[in-house]
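Letters A, B, ... mirror the listed sequences (proteins, then strands); counts begin at 1. Note that the structure is a prediction, hence the values are computed from the model and not measured.
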Amino acid sequence: MKYNFAAIEKKWQNYWQEHKTYAAVTGSEKPKYYALIEFPYPSGEGLHVGHPRPYTALDIVARKRRMQGYNVLFPIGYDAFGLPTENYAIKNHMHPREVTKRNIARFSSQLHMLGFSFDWDRCVDTTDPKYYKWTQWIFLQMFQHGLAYKTKMPVNWCTSCKCVLANEEVVNGVCERCGSEVIRKEKSQWMLAITKYAQRLLDDLDDLDYIERVKTQQRNWIGRSTGAEVKFATTAGDEMVVFTTRPDTLFGATYMVMAPEHALVEKWADRLTNLDEVRAYQESAARKSDFERTELAKEKTGVELQGVRAVNPVTGAEIPIFLSDYVLASYGTGAIMAVPGHDQRDWDFAKAFGLPIVEVVAGGDITQEAFVAKDDSAKMVNSGFLDGMTVKDAIPTMIRWLEGKGLGKEMVNYKLRDWVFSRQRYWGEPIPLVYCEKCGWDPPPGDQLPLTLPDVESYEPTDDGESPLSKMTDWVNTTCPHCGGPAKRETDTMPQWAGSSWYFLRYMDPHNDEALVGKDAVNYWHQVDWYNGGMEHTTLHLLYSRFCHKFLYDIGVVPTKEPYAKRTSHGMILGEGGEKMSKSRGNVVNPNDIVAEFGADTLRLYIMFIGDFEKAAPWNATAVKGCKRFLDRVWNLAEKPAQGDAYTPANEKEIHRTIQKVGEDIENMKFNTAIAAMMSLVNRFYEHAPSRGDLKALLTLLSPFAPHICEELWQLQGLEGLCSQQPWPEFDPAKTVDSEKEIAVQVNGKLRSTVVVPMDAEDSAVVAAACADEKIARLMEGMTLVKTIVVKNKLVNLILKPAK
RNA sequence: GCCGGUGUGAUGGAAUUGGUAGACGUACCGCACUCAAAAUGCGGCGGAGUAAUCCGUGCCGGUUCGAGUCCGGCCACCGGCACCA
């Protein structure tokens, strides 16, 4: 009989679904294991061949854990709010809800087709009111705990999406999603105070089992720097507060710079003799997009605030104050002390504006460029009481001096900004707050959640920058829950990342209407044991969800500080030419086509065999055949019942080794070499006919990778139960070793021959065997053996010198 | 500019972490089966050389009995951050 993959795969998928073979059981006596993949955004295009890579990898892990006796939670769901769906709906005059429904149905059937062992009863959909009730609930909790606040601020505005973006969503000055220009716009926005968690998000990384590049990327994004806050007196009376990482260079501060948006400018407006010039500069800076600001980075621009001067607290000198957009309003205090001798940006500005440059750290040539010492052992000069000290000592000395005078203190700053949490679009969770002129912001009357998304006539984004919901006056106008007076609902919706910040908790208890997750469930499942996802989410979803989880920990909803114990990441599947797969390049491979031609098991196998799991790998249409051939060979070996449940002596050692190799490789995500090992075993079975016991071992090892064919062959062998429910096979280390070993013989470090010696042979015996070798004996003629190096069971190196 | 990563046959990639470079697969070549082709099975496959041998893991140098692996200096490509004081 031929290997009829289509029929076999259908048969077993139906069987698993009917029997709920992969259902997770909350409260089971077995040890629990929670394996998680990032739930997909159900786009209109359906799955492409990149999706199954992480899915298959963790499916393999989940299946192996089940065989190892764990109660496994391996769930799936849909992150379905978001712009692509909304844009599609607008274009095709459909309701986003309908588009979402259709896309989810398509994704579901494709995921079923690939035979993943998801617990489908736990499927979630972020756009389901029963789900987003709890997304809204979390937001309200944050609001009530002072972590959500509304403020008018310059935000990133995508000119095409007509929507605000988080910093994390702006890439090289353009919209991460559509690539359009992003400009700065003053808007009143809901914010989440993720910065309050910056230190914890940083510290707790240390104990997590995340791959290193994820940790460093998050650390860089959080961007902690230590230094001091310093107060400068001004001739206007107000203090100017700056942040600096180099308080040791205070003697070299020859001027001050404030961000163009700095609040003191307004306060000092009356005193400024060049107010028109200042206003003009402010306006030109405000008009610049982020992109332009960074583009023009080389040329420093600015304007002096004439009429007010600052006083350097250590030199007592009056120094000028400038506005310049190289100082960012959103970092530190929005103002700096400029030390042109030792900061290149300050140096550039000082040169452009003819300002004095003073050397306070010795070792460079400040007439040529700013001197930024590579280490902190450089010596202070022109710095009064710091003279002669190293930079290392001068920093704390200066901080203590400032503290003593009440002029400053030690200070920590982060690059991380608060999370802009409103979007002016329709297809998102409504923010459940109402505004009353008298009472301010409050949860809606009756505090009833979910606050469902009303149907509107048009989903089009508006040109005035307001959400489409703002046009729904019936819905917008409501009553104040405090005073009963007229109030208005918030019309912005939440960003895409809201629903995905906590979905892993919902999987633990997806049908609970009383709580976002029940105590029993969360105490049982605890946290995700292994989470795999894309690097592109490192500073977005992954950081947001850690923040969200820490907040839920603080209010007692979850028992762990961190959501994910382990985080790994997969490389992208590229098109045949090594370029990214995309519709416009026309190089997208549709998994349906591969499944139709070769079957799901072949696709799963190939996508895991394609290369190093962590690295990008180009798709190769002809190489898929190799995996199909392998399964054909397995089929031909095992389709007819074999005899004998013991391992065949000829195959035994190879089987034990393969069990060890496959088991270890799965744990280390080296799926490609695990498959190579099984291919080798099958090649051996073609030389030495396998017993039924040999085949059992092969089928159980292979079943996490290619579950359908293994289940079928298990049955054809007349074996009991399901292959996928067998215990994971054990290996005996003693049976993996050879009795004899071929070792390399080197002469003066070069490979010259090989000899076979008994395992663990004595060094002297190895040397003797080597010298007895014909080729070696020839090389030794007329030479003296001066030294031998023996590496047990590996090689022997003979050092020879010409005999004199 | 700063921080990561990568560089191995025609090709995707292996290499017990300093110990026989190229496992496994693809492509290609040969043989068997076939009228023939496909499929399948078996064998070959880094380069040069008839051979003995020599050369070979981006480039240059070093450490070592021994380097794809460690160190120093370059080059190329990929990713992240980027006027963060």
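- Using a 4.0 Å cut-off, some side-chain N or O of Lys750(A) falls inside it from OP1 or OP2 of C55(B).
- With a glycosidic angle no further than 90° from 0, G9(B) counts as syn.
- One finds no salt bridge joining Glu369(A) and Lys351(A) here, because no Lys/Arg side-chain nitrogen approaches an Asp/Glu carboxylate oxygen to under 4.0 Å.
- Look at CG on Asp612(A): it is 17 Å from P on G79(B), rounded to the nearest Å.
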Quiz item: Run the ring-ring contact (aromatic ring centres under 6.0 Å, His included) check on Tyr606(A) and Trp619(A) step by step: do they pass?
Solution: CA-CA 10 Å; Tyr606(A) 176 64; Trp619(A) 181 263; 5.0 Å; yes
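- U17(B) adopts a syn glycosidic conformation, its chi angle falling within 90° of 0.
- Using modelled atom types, one finds a donor on one side chain and an acceptor on the other under 3.5 Å when comparing Thr568(A) with Asn532(A).
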Exercise. Heavy atoms under 4.0 Å is the rule here; annotate nucleotides 15-31 of chain B 5' to 3' with B where the base is hit, S where only the sugar-phosphate is, and - elsewhere.
Key: SB--BB--BBSSS----
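- In this model, no donor atom of one side chain and acceptor atom of the other lie less than 3.5 Å apart for Glu687(A) and Asn683(A).
- When all heavy atoms of Ala253(A) and Asn312(A) are compared, the closest pair comes out as O-ND2, 3.1 Å.
- Straight-line distance from the CG atom of Leu605(A) to the C1' atom of G13(B): 15 Å, rounded to whole Å.
- Near-neighbour residues of RNA chain B inside residues 248-259 of chain A, defined by a heavy atom below 4.0 Å, are absent.
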Self-check item: Secondary structure string for RNA chain B (Watson-Crick or G-U under 3.5 angstrom, | for other-strand pairs)
Solution: (((((((..(((......[....))).(((((.......))))).(((....)))..(((((..]....))))))))))))....
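- In this structure, Lys300(A) forms a cation-pi arrangement with Tyr326(A), its terminal cationic atom sitting closer than 6.0 Å to the ring centre and no more than 45° off the ring axis.
- We find that Lys215(A) and Asp206(A) are not joined by a salt bridge, their nearest charged nitrogen and carboxylate oxygen being 4.0 Å or further apart.
- The side chain of Arg752(A) places an N or O atom within less than 4.0 Å of a non-bridging phosphate oxygen (OP1 or OP2) of C54(B).
- Here Asp632(A) lies out of heavy-atom contact (under 4.0 Å) with every strand.
- When the P atom of G5(B) is taken as reference, atom CD of Glu212(A) falls 9 Å away, rounded to whole Å.
- Rounded to an integer number of Å, the gap from Phe671(A) CZ to G13(B) C1' is 16 Å.
- When the nearest nucleotides of RNA chain B are assigned to Asn220(A) and Lys415(A) by heavy-atom distance, the more 5′-ward of the two goes with Asn220(A).
- Side-chain atoms of Lys615(A) lie closest to U6(B) of the nucleotides G12(B), C55(B), U6(B).
- Rounded to a whole Å, the CG atom of Asp665(A) is 14 Å from the C1' atom of G13(B).
- Straight-line distance between the C1' atoms of C24(B) and A15(B): roughly 12 Å, to the nearest whole Å.
- Checking side-chain atoms of Asp325(A) against main-chain N and O of Ala285(A) turns up no donor-acceptor pair under 3.5 Å.
- For the residue pair Glu38(A) / His537(A), a side-chain donor-acceptor distance below 3.5 Å is found, with atom types taken as modelled.
- Atom pair Ile222(A):CD1 and C3(B):C1' shows a separation of 15 Å (rounding to whole Å applied).
- Closest heavy-atom contact between Ile399(A) and Pro247(A): CG1-CG, 3.9 Å.
- Defined by atom type and a distance below 3.5 Å, a donor-acceptor pair is present between the side-chain atoms of Tyr414(A) and Gln199(A).
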Exercise. Would you sort out whether Phe353(A) and Tyr255(A) count as a ring-ring contact (aromatic ring centres under 6.0 Å, His included), showing the intermediate values?
Key: CA-CA 11 Å; Phe353(A) 286 80; Tyr255(A) 64 100; 8.4 Å; no
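- Between the P atom of A82(B) and the OH atom of Tyr331(A) lies a distance of 13 Å, rounded to the nearest Å.
- Within the nucleic acid shown, Ala338(A) has no heavy atom closer than 4.0 Å to any nucleic acid atom.
- Here Ser225(A) lies in heavy-atom contact (under 4.0 Å) with sugar-phosphate atoms only.
- As a whole-Å value, the separation of Lys215(A) NZ from C3(B) C1' is 17 Å.
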Exercise. Go through the steps to decide whether Thr195(A) and Asp418(A) satisfy the test side chain to side chain donor-acceptor pair (under 3.5 Å), and finish with yes or no.
Key: CA-CA 6 Å; Thr195(A) 52; Asp418(A) 277 346; 2.6 Å; yes
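- Put simply, the side chain of Lys300(A) and the base of C83(B) share a donor and an acceptor less than 3.5 Å apart.
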